K.L.:
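Here it is, the structure in full.
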Amino acid sequence: MGRFYITTPIYYVNDVPHIGHAYTTSAADVAARFHRQLGDDVFFLTGTDEHGTKVEQAAAARGLAPKEHVDEVVQKFKEVAQKVGATNDFFIRTTDPEHERFVQELVQRCYDAGDIYKSSYSGLYCGACEAYYTEENLVDGLCPDHGTAPVHMEEENYFFRLSAFQDRLTALYRGDPDFVRPRHRYNEALSFIEQGLEDISISRATLKWGISVPWDPSQVIYVWVDALINYLSALHYAPGEDLMDRFWPPSYHLMAQDILKFHGIIWPALLMSAGYELPEHLFVHGYLKLGGEKMSKTRGNVMDPFPLIEQYGADPFRFYCLREVSFGQDGMVSEEGFKSRYNTELANELGNLVSRTTSMISKYRGGAVPAPPAGRAAADSPLAAEAAGMADIARGQLEEMELSNALDTIWVFVRRLNRYVEEQAPWKQAKEEAAALAAAGDDPQRVAAARAPLDGTLWDLAEGLRLLTVVLHPFIPATTASMRVRLGLEPEPDASAGPAWSEATWGLLPAGLVVAAGAPLFPRIEE
RNA sequence: GGCGGCGUAGCUCAGUCGGUCAGAGCAGCGGAAUCAUAAUCCGCGUGUCAGAGGUUCGAGUCCUCUCGCCGCUACCA
């Protein structure tokens with residue numbers, strides 16, 4: 001039994017929830033569910049980042065106080081987690097008073113450690129934005145939002161001595177090539193560090209909407225510093241006892257590539273300064289691209305997942321994203337692709353497999369899953385070895401966060417079961433059985449022998465489906481729950497926990513199950 | 001410019017330590033079967049593995065160079 005603490009980034013409420021948020025949260029949920037199945041002590045955290053200039057401005061534009069504004073917008077992000085079926089254990093908001101207090105404590109620690117000092121920051125400042133711009137971010141030398149010329153300004157800020165951590169960060173990376181995965185992201189971060197780190201300003205004098213610097217209330221803490229600390233602060237006040245001891249450090253921080261620098265460099269340095277253990281791994285997943293381009297609102301090529309989820313449920317969405325795109329790499333998604341995979345893989349291959357299996361058990365055995373033929377050990381099933389291999393490999397891949405590889409491994413087995421039906425041809429076995437039974441008379445041994453082939457086939461299929469409910473639970477939990485009902489298995493007491501991974505062992509199918517027919521798991525999408 | 005990555009069948013992509021690695025899925029064509037959501041299964045690919053050179057008994061798989069894409073290159077979430 002291990003410990004598993006996984007996080008998504010906390011989402012910036014100024015943005016509108018989009019497929020990227022749903023993707024990250026889904027992926028984190030897959031990992032969290034899998035580790036619960038292993039029996040690990042799991043904590044899965046997500047939440048929202050609610051401070052900063054943009055939020056302050058958005059609120060002002062609506063004539064609301066910032067807090068009123070974020071209280072409203074945060075609901076949309078809570079809905080994302082709920083809609084994708086995420087089993088997050090807590091939802092943190094950086095406006096939680098407990099978080100704010102903790103951020104101040106932590107920053108104070110860094111200050112006391114001598115890693116924060118006052119200096120002046122100079123740059124190009126747009127008064128309308130109340131923000132600084134670097135030259136690259138200007139459009140023809142003008143503010144991209146207001147079209148006005150920024151002025152050169154200086155402000156007194158507190159700086160974090162990031163440069164002092166260069167050697168320790170280098171050592172961290174050199175000592176653990178898996179600190180950031182996949183490897184090319186590790187290279188990126190390391191090369192950034194080796195180019196030389198400069199101190200960073202971690203406070204703002206012109207902004208009000210933030211957490212004030214404890215020793216100088218005229219300034220607020222830079223929003224990224226505020227945000228990163230959520231991974232730590234949450235454990236101090238999320239429901240439950242001793243969460244720090246139970247869960248720190250994080251097993252995985254999940255994120256997209258745009259925020260690697262903050263998580264891979266600033267965050268470890270802050271933790272070093274404040275004296276905390278470092279996260280074990282950062283995992284950087286790719287972007288979902290539509291039509292070969294990175295999705296962006298300005299390009300108008302954003303794929304909105306929420307109508308699809310409303311219409312088809314969370315499972316098909318989760319399945320599609322994690323199956324279509326190699327986890328850790330960029331990939332293309334489209335509504336067309338969604339429908340294609342939904343129909344071919346979920347409806348035809350998996351859904352129909354469940355249909356045909358339960359239907360044949362009903363038709364040939366009155367709905368009762370037969371016992372395996374007398375004298376045939378579970379391990380003698382033609383599928384036993386493949387099933388065991390599939391479960392082992394998928395487990396290893398899930399442990400390594402190779403989510404799409406795991407799904408691929410599992411799907412080979414789904415297809416194997418369909419092929420098995422064709423190979424055994426139960427309808428043919430049923431005819432042969434009828435003939436053999438007619439010839440067997442009352443001889444119990446001959447009756448048993450006559451029934452053995454079809455019994456074996458149906459039992460194998462039911463057992464194969466049962467295994468699938470275990471290994472697919474992390475990806476499509478509502479579906480596997482429904483499959484278990486159809487197979488006549490007892491529902492899990494805790495739906496978010498799912499069946500224990502140890503049940504992914506061939507031969508554990510309980511005796512005496514009665515299958516239940518049902519509407520198609522995935523009705524085909526007809527166009 | 002520097003660092004990193006990518007360029008493999010019509011499409012989307014796998015290819016861990018160099019030796020059945022030339023593959024999968026989709027799309028297309030042909031066939032079988034009928035338990036099932038007309039759902040399944042089987043068969044069919046002459047691809048210069050971007051190009052050139054090199055190392056090696058042997059290279060998509062290592063090295064060099066060229067071409068074409070992409071990411072990162074500091075405080076914009």
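The shown structure was predicted, so the numbers you read here are calculated from the model rather than taken from an experiment. In what follows, chains are A, B, ... by sequence order, proteins preceding strands, each numbered from 1.
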K.L.:
Considering only rU37(B), rU40(B), rC42(B), which nucleotide approaches the side chain of Phe522(A) most closely?
P.N.:
rU37(B)

K.L.:
May I ask which nucleotide in the shown strands pairs with rC11(B), Watson-Crick or G-U wobble, both distances under 3.5 Å?
P.N.:
rG25(B)

K.L.:
Take Ala227(A) and Arg416(A), find for each the nucleotide of RNA chain B with the closest heavy atom, and name the residue whose nucleotide sits nearer the 5' end.
P.N.:
Arg416(A)

K.L.:
Using a heavy-atom cut-off of under 4.0 Å over every strand shown, decide if Arg415(A) touches base, sugar-phosphate, or nothing.
P.N.:
sugar-phosphate

K.L.:
What's the closest nucleotide to the Arg524(A) side chain, out of rC35(B), rU37(B), rU40(B)?
P.N.:
rU37(B)

K.L.:
Measure the distance from CD on Glu188(A) to C1' on rG5(B) and round it to the nearest whole Å.
P.N.:
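Spelled out: CD on Glu188(A) to C1' on rG5(B) is 8 Å.
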
K.L.:
Within this structure, what is the NE2-to-C1' distance between His184(A) and rG71(B), rounded to whole angstrom?
P.N.:
8 Å

K.L.:
Let's see if you can work this out: which of rG25(B), rA39(B), rC35(B) has an atom nearest to the side-chain heavy atoms of Ser359(A)?
P.N.:
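So the side chain of Ser359(A) is nearest to rC35(B).
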
K.L.:
Under a 3.5 Å cut-off for both distances, is rU16(B) Watson-Crick or wobble paired, and to whom?
P.N.:
none

K.L.:
With rounding to the closest Å, how many angstrom separate the P atoms on rC6(B) and rC62(B)?
P.N.:
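Pairwise P distance, rC6(B) against rC62(B), rounds to 9 Å.
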
K.L.:
Would you please indicate if the ring centroids of Phe77(A) and His21(A) are separated by under 6.0 Å?
P.N.:
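Judged by ring-centre distance (under 6.0 Å), Phe77(A) and His21(A) do meet the cut-off.
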
K.L.:
Is there a Watson-Crick or G-U wobble partner for rC3(B) with both distances under 3.5 Å, and if so, which one is it?
P.N.:
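rC3(B) is paired, partner rG71(B).
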
K.L.:
Paired with rA33(B): which nucleotide, if any, by Watson-Crick or G-U wobble criteria at under 3.5 Å for both distances?
P.N.:
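For rA33(B), the partner nucleotide comes out as none, under the 3.5 Å rule.
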
K.L.:
Can you tell me, in whole Å, how much space there is between the P of rA50(B) and that of rC13(B)?
P.N.:
15 Å

K.L.:
Out of rC75(B), rA36(B), rC35(B), which has the shortest distance to the side chain of Ser355(A)?
P.N.:
rA36(B)

K.L.:
In whole Å, measure the gap between the C1' atoms of rC44(B) and rU37(B) for me.
P.N.:
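Each nucleotide's C1' atom is 28 Å from the other's.
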
K.L.:
Name the orientation of the base relative to the sugar in rG60(B): syn if the glycosidic angle is within 90° of 0, else anti.
P.N.:
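Judged by the O4'-C1' to base torsion, rG60(B) sits in syn, the angle falling within 90° of 0.
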
K.L.:
For the residue pair Tyr23(A) and Phe327(A), does the interplanar ring angle fall in the parallel (under 30°), tilted (30 to 60°) or perpendicular (over 60°) class?
P.N.:
perpendicular

K.L.:
Using the P atoms only, state how far rA52(B) lies from rU8(B), rounded to an integer number of Å.
P.N.:
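Taking atom P in both rU8(B) and rA52(B), they lie 15 Å apart.
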
K.L.:
State which of rA74(B), rA33(B), rC76(B) makes the closest approach to the side chain of Tyr222(A).
P.N.:
rC76(B)

K.L.:
Are Arg356(A) and rU37(B) close enough that a side-chain N or O sits under 4.0 Å from OP1 or OP2?
P.N.:
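Indeed not, no polar side-chain atom of Arg356(A) lies that close.
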
K.L.:
Pick out the pairs of N or O atoms, protein on one side and nucleotides 7-16 of chain B on the other, that lie under 3.5 Å.
P.N.:
unit_1	atom_1	unit_2	atom_2	d
rA14(B)	OP1	Gln329(A)	OE1	2.3

K.L.:
Considering every strand and a 4.0 Å limit on heavy-atom distances, what is the contact class for Arg341(A): base, sugar-phosphate, or nothing?
P.N.:
nothing

K.L.:
Looking at the rings of Tyr117(A) and Tyr158(A), which for Trp means the six-membered one, are their centres under 6.0 Å apart?
P.N.:
no

K.L.:
Less than 4.0 angstrom from a charged side-chain N to a carboxylate O is my criterion; do Arg341(A) and Glu324(A) meet it?
P.N.:
yes

K.L.:
Write down the distance between CG (Asp49(A)) and C1' (rC76(B)), rounded to a whole number of angstrom.
P.N.:
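One finds 14 Å between C1' of rC76(B) and CG of Asp49(A), rounded.
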
K.L.:
Tyr252(A) and Arg181(A): side-chain donor and acceptor closer than 3.5 Å?
P.N.:
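Indeed, the side chains of Tyr252(A) and Arg181(A) share at least one donor-acceptor pair under 3.5 Å.
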
K.L.:
Indicate yes or no for a side-chain donor-acceptor contact from Glu154(A) to the backbone of Ser120(A) under 3.5 Å, with no hydrogens or angles considered.
P.N.:
no

K.L.:
Go ahead and name the base partner of rG60(B); Watson-Crick or wobble counts if both distances stay under 3.5 Å, otherwise write none.
P.N.:
none

K.L.:
Hey, which of these two, Pro523(A) or Asn187(A), hits RNA chain B nearer its 5' end, going by closest nucleotide?
P.N.:
Asn187(A)

K.L.:
If you measure from the C1' atom in rC41(B) to the same atom in rA33(B), how many Å do you get, rounded?
P.N.:
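Rounded to whole Å, the distance is 8 Å.
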
K.L.:
Kindly check if the number of other-residue, nucleotide or ligand heavy atoms within 6.0 Å of NZ (Lys428(A)) is above 12?
P.N.:
no

K.L.:
Just how far, in rounded Å, is C1' of rU37(B) from CG of Leu521(A)?
P.N.:
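Taking CG of Leu521(A) and C1' of rU37(B), I get 10 Å after rounding.
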
K.L.:
Considering only the C1' atoms, how many Å lie between rC11(B) and rG47(B), rounded to the nearest integer?
P.N.:
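rC11(B) and rG47(B) have their C1' atoms separated by 14 Å.
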
K.L.:
Distance between the C1' atoms of rG25(B) and rA14(B), in whole angstroms?
P.N.:
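Approximately 10 Å lies between the C1' atom of rG25(B) and that of rA14(B).
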
K.L.:
Can you tell me if Lys261(A) touches the phosphate of rU73(B), counting only side-chain N or O atoms and a distance under 4.0 Å to OP1 or OP2?
P.N.:
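Lys261(A) to rU73(B) OP1/OP2: side-chain N or O found under 4.0 Å.
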
K.L.:
Taking the inter-plane angle between the rings of Trp224(A) and Phe262(A) on a 0 to 90° scale, is it parallel (under 30°), tilted (30 to 60°) or perpendicular (over 60°)?
P.N.:
parallel

K.L.:
Tell me the interatomic distance from Leu197(A), atom CG, to rC72(B), atom C1', rounded to whole angstroms.
P.N.:
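In whole Å, rC72(B) C1' and Leu197(A) CG are 14 Å from each other.
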
K.L.:
What about Asn352(A): does its side chain form a donor-acceptor pair under 3.5 Å with the base of rA36(B)?
P.N.:
yes

K.L.:
Of the non-hydrogen atoms in Phe522(A) and Leu346(A), which two are nearest, and what is the gap between them?
P.N.:
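Heavy atoms only, the tightest pair is CD1-O, 3.2 Å.
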
K.L.:
Heavy atoms under 4.0 Å, any strand shown: does Trp224(A) hit a base, just sugar-phosphate, or nothing?
P.N.:
base

K.L.:
Expressed as a whole number of angstroms, how long is the span from Gln195(A):CD to rG2(B):P?
P.N.:
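Nearest whole value for this atom pair: 12 Å.
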
K.L.:
Which of these, Asp71(A), Asp226(A), Asp49(A), sits in a salt bridge (Lys or Arg N to Asp or Glu O under 4.0 Å) with Arg93(A)?
P.N.:
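Option passing the salt bridge (Lys or Arg N to Asp or Glu O under 4.0 Å) with Arg93(A): Asp71(A).
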
K.L.:
Taking atom P of rA33(B) as reference, at what distance in whole Å does atom NZ of Lys431(A) sit?
P.N.:
11 Å

K.L.:
For rA50(B), give the paired nucleotide (Watson-Crick: N1-N3 plus N6-O4 or O6-N4; G-U: N1-O2 and O6-N3; both under 3.5 Å), or none.
P.N.:
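Across any shown strand, rA50(B) pairs with rU66(B).
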
K.L.:
In this structure, how many angstroms lie between the C1' atom of rA39(B) and the CD atom of Glu345(A), rounded?
P.N.:
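Checked: the CD to C1' distance equals 14 Å.
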
K.L.:
Determine the Euclidean distance between corresponding C1' atoms of rU40(B) and rU46(B); express it in Å to zero decimal places.
P.N.:
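So the two C1' atoms sit 32 Å from each other.
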
